[in-house]
Amino acid sequence: RTIHGRALPAFLREAGYRTIHVGKAHFGAVGTPGSDPRNIGFEINIGGHAAGGPGSFLGSQNFSAAWRNGDRVWDVPHLEPYHGKDVFLTEALTIEANKAVSQAVAEGRPFFLYMAHYAVHVPFAVDPRFYQRYRDAGLDHTESMYAAMVEGMDKSLGDILANVERHGLSARTIVLFMSDNGGLSAHGRGGPPHTHNKPLSSGKGSAHEGGIRVPMIVRWPGIAKAGSVCRQPVIIEDFFPTILEMAGVRDIQQIGGVIDGRSFVPLLRGEQDEARQTRPLVWHYPNNWGPKGPGIGPSSAIRLGDWKLIYYHEDRRCELFNLAQDLGEQTNLADKQPELRDRLAGELGRYLAAVEAQMPIVKSTGRAVPY
């Protein structure tokens with residue numbers, strides 16, 4: 001049947017899945033419908049609300065920002081049983097996720113678990129399960145906290161997979177693992193900024209590869225070959241049609257009649273997808289993030305094959321990189337390759353205009369930055 005214009009979890013819920021959100025939501029601001037994941041199709045929500053970070057990672061601090069005199073909007077909801085206890089947020093969320101999955105299994109329901117950890121994120125905290133081994137290895141205090149949070153997230157994934165195995169569902173469960181952005185590097189870390197994701201340039205908040213190139217692992221028993229590597233790039237919009245295809249949801253219709261993204265199921269099957277070779281990937285961030293650094297600032301970017309162009313809104317300058325030859329984005333070829341620069345800029349501008357992308361307003365003129 002045809003299902004019209006919904007968010008991903010709503011499609012899956014209507015198709016019979018128990019839709020479970022655990023962790024960071026950050027889908028909408030305080031007071032908007034998107035601040036509650038249940039408004040976009042999740043049947044269960046544990047820990048998700050408007051905030052994009054936690055008040056605290058520590059149960060002993062009730063996962064609240066009170067310890068730093070922060071706004072209580074940061075307090076992680078729904079975890080009162082863990083308040084006052086010596087438990088790290090990552091572990092508490094994992095326990096609750098496994099409970100929700102086990103309940104779905106007990107009821108005979110297929111499940112969609114969206115496990116969105118608050119880790120790794122500021123404000124860093126010491127996870128005593130893993131912290132000391134990194135200090136002993138020579139990392140400073142900040143980097144030891146960061147590394148321990150990464151290991152805690154890794155343990156979480158293992159615990160979730162073990163729970164699926166206990167239910168005898170490993171062969172029938174698809175796992176997609178990815179990050180929402182590159183590792184933090186502009187501030188808050190130990191060591192020199194913008195270096196933590198080398199050989200990639202910069203990090204979170206940047207249009208350089210350190211900010212937008214992220215790790216991804218898929219386990220699909222019987223379909224995706226174990227140990228295989230796919231070098232075709234995909235983008236977050238591709239997850240929508242991919243997951244729905246995996247779930248058997250057909251005849252998707254969205255508002256406006258356009259489905260963003262392209263299913264990467266053929267890639268997981270080991271097939272070639274020639275159309276991806278000529279499909280441009282576009283990023284659009286017309287906002288001031290805060291810190292300064294390579295690739296950081298209001299911008300739009302396009303990648304086509306090995307070439308990537310970044311258009312900075314504030315001063316209208318462009319950067320052009322050949323990622324095959326310069327993955328670290330050290331050599332700007334915008335002036336040396338004007339024809340290619342202008343062709344990519346034109347394609348980027350036409351796309352932004354076609355989708356009526358919002359652009360920053362120039363305060364001195366009151367007009368939007370041109371596409």
Side-chain angles (χ1 to χ4, degrees), residues 1-22 27 37 40-43 97 101 104-105 109-116 157 160-161 164-165 167-181 212-283 302-306 323 351 355:
R1 62 186 169 173
T2 299
I3 305 176
H4 295 271
R6 308 271 185 83
L8 174 64
F11 278 103
L12 293 171
R13 184 174 183 179
E14 187 162 337
Y17 283 78
R18 168 70 57 81
T19 50
I20 306 165
H21 176 279
V22 180
F27 300 139
I40 63 169
F42 283 106
E43 190 173 348
V101 166
V105 174
R109 295 277 302 278
F111 61 88
F112 170 68
L113 170 64
Y114 178 68
M115 184 72 186
L157 178 57
I160 290 169
L161 294 179
V164 171
E165 177 67 28
H167 292 297
L169 295 175
S170 293
R172 298 171 53 197
T173 302
I174 303 169
V175 179
L176 300 101
F177 175 92
M178 56 87 68
S179 177
D180 59 345
N181 48 250
I212 62 175
R213 180 185 290 250
V214 299
M216 178 178 168
I217 305 170
V218 177
R219 188 178 83 171
W220 189 358
I223 302 296
K225 183 180 178 181
S228 60
V229 177
C230 177
R231 302 194 182 282
Q232 290 248 17
V234 300
I235 197 166
I236 191 64
E237 293 95 315
D238 294 342
F239 277 66
F240 178 82
T242 300
I243 292 174
L244 292 180
E245 182 177 347
M246 290 172 163
V249 179
R250 303 284 187 254
D251 299 321
I252 309 160
Q253 291 189 12
Q254 275 288 23
I255 296 169
V258 176
I259 302 297
D260 291 329
R262 180 181 179 87
S263 172
F264 52 80
V265 165
L267 300 182
L268 298 177
R269 296 185 185 277
E271 302 167 3
Q272 293 296 314
D273 187 353
E274 299 299 332
R276 286 186 180 274
Q277 302 285 2
T278 57
R279 179 184 73 149
L281 302 180
V282 174
W283 296 263
I302 183 170
R303 174 175 173 172
L304 186 58
D306 292 330
L323 298 179
Y351 174 82
V355 299

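The shown structure was predicted, so the numbers you read here are calculated from the model rather than taken from an experiment. All values below come from the heavy atoms of this structure, side chains included, with hydrogens, waters and symmetry mates left out.
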Participant: From Gln232 CD over to Gln277 CD, what is the distance, rounded to the nearest 0.5 angstrom?
Facilitator: 4.5 Å
Participant: Taking the side chain from Arg13 and the backbone from Ala15, do they hold a donor-acceptor pair closer than 3.5 Å?
Facilitator: no
Participant: Measuring from atom CG of Leu281 to atom CD1 of Ile212, what distance do you get when rounded to the nearest 0.5 angstrom?
Facilitator: 8.5 Å
Participant: Are the side chain of Arg18 and the backbone of Pro110 linked by a donor-acceptor contact shorter than 3.5 Å?
Facilitator: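 Not confirmed, Arg18 side chain does not pair with Pro110 backbone.
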Participant: If you apply the rule side chain to side chain contact (heavy atoms under 4.5 Å, CB included), what do you find for Ile259 with Phe240, and how did you get there?
Facilitator: CA-CA 9 Å; Ile259 302 297; Phe240 178 82; 4.1 Å; yes
Participant: Using side chain to side chain contact (heavy atoms under 4.5 Å, CB included), reason through Ile223 and Met246 one step at a time and then give a plain yes or no.
Facilitator: CA-CA 11 Å; Ile223 302 296; Met246 290 172 163; over 6 Å; no
Participant: Which pair of non-hydrogen atoms, one from Pro241 and one from Gly261, has the smallest distance, and what is that distance?
Facilitator: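 Closest approach of Pro241 to Gly261, heavy atoms only: CG-C, 3.8 Å.
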Participant: Take Tyr351 and Ile302, measure what side chain to side chain contact (heavy atoms under 4.5 Å, CB included) needs, and give me the verdict at the end.
Facilitator: CA-CA 10 Å; Tyr351 174 82; Ile302 183 170; over 6 Å; no
Participant: Taking the side chain as every heavy atom from C-beta outward, state whether Ile236 and Met178 have any atom pair closer than 4.5 Å.
Facilitator: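 When only atoms from C-beta onward are counted, Met178 and Ile236 do touch, with a gap below 4.5 Å.
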Participant: Work out which heavy atom in Ile235 is nearest to a heavy atom in Val282; give both atom names and the distance.
Facilitator: CD1-O, 3.7 Å
Participant: Hey, are the side chains of Arg303 and Trp283 touching, using non-hydrogen atoms and a 4.5 Å cut-off?
Facilitator: yes
Participant: To the nearest 0.5 Å, tell me how far Leu113 CG sits from Ile160 CD1.
Facilitator: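 Leu113 CG to Ile160 CD1: 5.5 Å, rounded to 0.5 Å.
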Participant: Is the closest basic N to carboxylate O distance between Arg279 and Asp273 below 4.0 Å?
Facilitator: no
Participant: Testing the basics here: between Phe111 and Ala104, what is the closest heavy-atom pair and its distance to 0.1 Å?
Facilitator: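 What the structure gives for the nearest pair is CB-CB, 4.1 Å.
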Participant: Of all the heavy-atom pairs spanning Ala97 and Met115, show the shortest one and how long it is.
Facilitator: CB-SD, 3.7 Å
Participant: What do you reckon, is CD of Glu271 surrounded by more than 12 foreign heavy atoms closer than 6.0 Å?
Facilitator: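 Yes, because the 6.0 Å sphere around CD of Glu271 holds more than 12 heavy atoms from other groups.
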Participant: State, with a plain yes or no, whether a side-chain heavy atom of Ile40 is found less than 4.5 Å away from one of Pro9.
Facilitator: yes
Participant: State, with a plain yes or no, whether a side-chain heavy atom of Leu12 is found less than 4.5 Å away from one of Leu244.
Facilitator: yes
Participant: Okay, side chain of Asp306, backbone of Leu323: is any donor-acceptor separation there less than 3.5 Å?
Facilitator: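 It does not hold such a pair.
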Participant: My understanding is that only one of Leu268, Leu176, Val175, Ile174 makes a side-chain contact (heavy atoms from CB on, under 4.5 Å) with Arg219; could you say which?
Facilitator: Val175
Participant: State whether the side chain of Glu43 and the backbone N or O of Ile20 hold a donor-acceptor pair below 3.5 Å, judged by distance alone.
Facilitator: no
Participant: Measure across Ser170 and Pro221 and return the closest heavy-atom pair with its distance rounded to 0.1 Å.
Facilitator: O-CG, 3.3 Å
Participant: Would you please indicate yes or no on a ring centroid separation below 6.0 angstrom for Phe27 and His21?
Facilitator: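 Ring centroids of His21 and Phe27 are less than 6.0 Å from each other.
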Participant: Identify the heavy atoms of Glu245 and Arg250 that sit nearest to each other, and give their distance.
Facilitator: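 Shortest heavy-atom separation between Glu245 and Arg250 comes out as O-NH1, 3.4 Å.
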Participant: Between Thr242 (side chain only) and Phe264 (backbone N and O only), is there a donor and an acceptor less than 3.5 Å apart?
Facilitator: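 Yes; at least one donor-acceptor contact below 3.5 Å.
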Participant: Please determine whether side chain to side chain contact (heavy atoms under 4.5 Å, CB included) holds for the pair Phe239 and Leu8, giving the CA-CA distance in whole Å, both sets of side-chain angles, and the decisive distance to 0.1 Å.
Facilitator: CA-CA 9 Å; Phe239 277 66; Leu8 174 64; 5.8 Å; no
Participant: Flag the pair Phe11 / Ile243 as yes when at least one side-chain heavy-atom distance between them is below 4.5 Å, and no otherwise.
Facilitator: no
